[in-house]
Protein chains: 2
Amino acid sequence: MSVTREKIIELGENLIRSKGYNAFSYQDISTELGIKNAAVHYYFPTKENLGTSIVKTNIQRFEEMVENMHSHGFNERQQLDTFVKIYLKSHREQKLCIIGSLASDFNTLNETTRTELKRMTEIILKWLTDILVTGKEKKLFVFDEEPQSKAFIILSGMVASLQVSRMMDKMDYKNVCQTIISLK
Amino acid sequence: MSVTREKIIELGENLIRSKGYNAFSYQDISTELGIKNAAVHYYFPTKENLGTSIVKTNIQRFEEMVENMHSHGFNERQQLDTFVKIYLKSHREQKLCIIGSLASDFNTLNETTRTELKRMTEIILKWLTDILVTGKEKKLFVFDEEPQSKAFIILSGMVASLQVSRMMDKMDYKNVCQTIISLK
DNA sequence: TTTGGAACTTACTTATTAGTAAGTATATTT
DNA sequence: AAATATACTTACTAATAAGTAAGTTCCAAA
C-alpha cells in the first residue's frame, strides 16, 4: 500500500482526535504532507471515504492487538491492562480516542462511516464482555454486575475520562482508570 | 431579556448537543427562527459569544437546580437521582450533554468558551464530591473510593454513556446509570 | 521505444461559512 | 413633534470548504 495513503490516514486520525471530524480539512492534511489538496482527493475522493478508512484502520489495529495478545498467551487481566494502556497513552498525548471524537459528531457522519463506527464499538464491547466473563470464571476478576453492563461502563469511562480530563488541570488519570476497571 | 435572544440560546444549545459545535451555523438558527442571519449576529456578534453564553446559561440552570433541591429539602440520594434524571432525559432525546459535546471540540473553542466550560465542569464535580462526602457521612451512600475520583467517574460515565449508547441499538440505559452510580 | 498506469499538480467551481456596514420599521422617551 | 433606541433586514465581503477535470511527470512493462 502507498506510503502517502498511510500518512493521510494517520494524519487524519490525529486531526479527528485532536480537533474533531468537522473541524479538520483536506488542506490541513495536504499542507502537513507538503502535497496539494487534490492529491488527498486522489486517494480519498470524499471526506466520507477518508473517515470510513480511518475507522476501518482502527478496527484492524484493534483486532491485530487482540491476536497479538492471544499469541503471547496474555491472560484476561493482562489483556485488560493492555487495553487501559491505550487510553493512558491517549491521555498523555492530550488526544481523545476515535470512538469518543466521532461519537460527538455522529449525526453529521454519513451512513458508511456510522456503520463502521458502530461496528468498532460493538467489536470492542464484545471483546471486553468476553474477557470479563472468562476472567471471572478463572477468578482473575471479582464483580457482581452483568458483564455486558460492566463492559459498557468500562468503555464509557475510558472514552469520557479522556474528554473530561482534558478540561481538568491536575488529574491522577491512572488512578481514575484503575477505579473504573476496579476489578479486585 | 429578549425572547429572540433566549430562543437563539436554546436552539444553539440543541444544535451543539445534536450536531456538534463545528457542524452548526448561524444559518441553521436563523432559518429555524424565521429571521435573517444578521439578526443572530445582532444578538451574538461572534460564534464565540454565542458559545460562551450557552455554557453560561447551562451553569446558571445547574445552580438554580441545586438551589431548588436545597429549598425542597432533598437529601443527597434524592439530589443524585435528580442529576441522573437529566441524563436519562438527554438519552431519550438522543442528545449529548453540553459538556460531552463541547469537550470533543475543546481545542477548536476560543479561550473564553473554554474557561466557562472548565468552570462548569469544576462546579458539577465539586457539587458531586460534596454530595458524596455528606451522603457517606449520613450513611446514605456506601463506597470506598476517594470521593473526588468517584465524582469524576460518575460524571465521565454519564457523559460518555450518552455518546456510546447513541451507537448501540438496544440498551438498558437506566440500568447502566444505576450501575455507574452503584452506591448501595 | 512506445504504451500505460500510478502519483501527483494546476486551476478551477460551487457552496457555505462567519462576519459587517448601512439602512428601515416600530415603539419609546424627551 | 423630534430624537433615540430596539430589533431587525438588505446586501454585501472575504475566507474556507469539498470536490473535479484535465494535464504532467515518471517509472515499468510490453
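Residue numbers start from 1 in every chain, and the chains themselves are labelled A, B, ... in the order their sequence lines are given, proteins ahead of strands.
Phe141(A) does not carry Arg77(A) over the face of its six-membered ring by the limits of under 6.0 Å from the centre and within 45° of the normal. For the pair Lys47(B) and Tyr26(B), the NZ or CZ position fails the cation-pi test of under 6.0 Å to the six-membered ring centre and within 45 degrees of the ring normal.
Within the model, atoms CG of Leu140(B) and CG of Leu132(B) stand 11.0 Å from one another, a figure rounded to the nearest 0.5 Å. Atom NE2 in His72(B) sits 14.0 Å away from atom CG in Asn75(B) (nearest 0.5 Å). Here CD of Glu13(A) is found 8.0 Å from OG1 of Thr57(A). Values are rounded to the nearest 0.5 Å. Atom OG of Ser104(A) is separated from atom CD1 of Ile99(A) by 12.0 Å, given to the nearest 0.5 angstrom.
Close to dC8(D), at under 4.0 Å from its OP1 or OP2, lies a side-chain N or O of Tyr43(B). Applying the 4.0 Å criterion to OP1 and OP2 of dA7(D), one finds that Thr4(B) has every side-chain N and O outside that range.
In terms of the salt bridge (charged side-chain N to carboxylate O under 4.0 Å, His left out) criterion, residue partners of Lys126(A) (sequence neighbours excluded) are, by chain and number, Asp130(A). Applying the salt bridge (charged side-chain N to carboxylate O under 4.0 Å, His left out) rule to Lys19(A) yields the partners Asp28(A); only residues at least two apart in sequence or on another chain are considered. Evaluation of the salt bridge (charged side-chain N to carboxylate O under 4.0 Å, His left out) rule for Lys138(B) yields Glu76(B) as partners, not counting sequence neighbours.
Atom CG in Leu33(A) sits roughly 14 Å away from atom C1' in dA7(C) (whole-Å rounding). When the C1' atom of dA7(D) is taken as reference, atom NZ of Lys7(B) falls 14 Å away, rounded to whole Å. One can place CD1 of Ile35(B) at 18 Å from P of dA11(D), the figure rounded to the nearest angstrom. Rounding to whole angstrom units, CG of residue Leu50(A) and C1' of dG19(D) are separated by 14 Å.
Side-chain atoms of Lys36(A) lie closest to dT10(C) of the nucleotides dT10(C), dA7(C), dT9(D).
Within 6.0 Å of the CD atom in Glu93(B), the count of heavy atoms belonging to other residues, nucleotides or ligands exceeds 12.
A rotation axis mapping the C1' atoms of four pairs onto the next four is fitted at both ends of the helix from dT1(C)-dA30(D) to dT30(C)-dA1(D) over five pairs, and the angle between these axes is 10° to 10 degrees.
Ring geometry for Trp127(B) against Phe83(B) counts as tilted: the plane angle lies between 30° and 60°, on a 0 to 90° scale.
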Contacts under 3.5 Å, N or O only, protein and nucleotides 16-19 of chain C:
residue: dT17(C); atom: OP1; partner: Ser25(B); partner atom: OG; Å: 3.3
residue: dA18(C); atom: OP1; partner: Phe24(B); partner atom: O; Å: 3.4
residue: dA18(C); atom: OP1; partner: Lys47(B); partner atom: NZ; Å: 3.4
residue: dA18(C); atom: OP2; partner: Tyr26(B); partner atom: N; Å: 3.1
residue: dG19(C); atom: OP2; partner: Lys47(B); partner atom: N; Å: 2.7
residue: dG19(C); atom: N7; partner: His41(B); partner atom: NE2; Å: 3.3
residue: dG19(C); atom: O6; partner: Asn37(B); partner atom: ND2; Å: 3.2

Protein and nucleotides 24-26 of chain C: nitrogen or oxygen contacts under 3.5 angstrom:
none

